[in-house]
Amino acid sequence: MGIKGKVDKMVVLACEECKERNYTTTKNKKTQKERLELKKHCPRCNKHTVHKETK
């Protein structure tokens, strides 16, 4: 859940290659309508991969 009274919401980031959910972050849903996509290190793949926001 997000912070009470704020528009920021917690989102989960999953690796595109192995589909493992590795990271959580917050995002302002009023200003960012599209899904978040970041390049992060995946410990399971042991390399930097694209991580996308999951449901």
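All values derive from a computational prediction rather than experimental measurement.
Here the NZ-SG distance, from K19 to C42, works out to 11.5 Å after rounding to the nearest 0.5 Å. Rounding to the nearest 0.5 angstrom, the gap separating the SG atom in C18 from the CZ atom in R44 is 5.0 Å.
Minimum interatomic distance between K40 and Y23 (heavy atoms only, all atoms of both residues): CB-CE1, 3.6 Å.
Scored by the side-chain contact (heavy atoms from CB on, under 4.5 Å) test, K33 finds no partners at all (sequence neighbours excluded). Residues passing the salt bridge (charged side-chain N to carboxylate O under 4.0 Å, His left out) test with R35: none are found, sequence neighbours excluded.
Proximity of T25 to L13: side-chain heavy atoms (C-beta onward) are separated by under 4.5 Å at one or more points.
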Would you mind writing out the side-chain donor-acceptor pairs for residues 46-54 within the sub-3.5 Å range, not counting sequence neighbours?
| unit_1 | atom_1 | unit_2 | atom_2 | d |
| --- | --- | --- | --- | --- |
| K47 | NZ | E17 | OE1 | 3.3 |
| H51 | ND1 | T49 | O | 3.2 |
| H51 | NE2 | N22 | ND2 | 3.1 |
| E53 | OE1 | K27 | NZ | 2.8 |
| E53 | OE1 | L36 | N | 3.0 |
| T54 | OG1 | V12 | O | 3.3 |

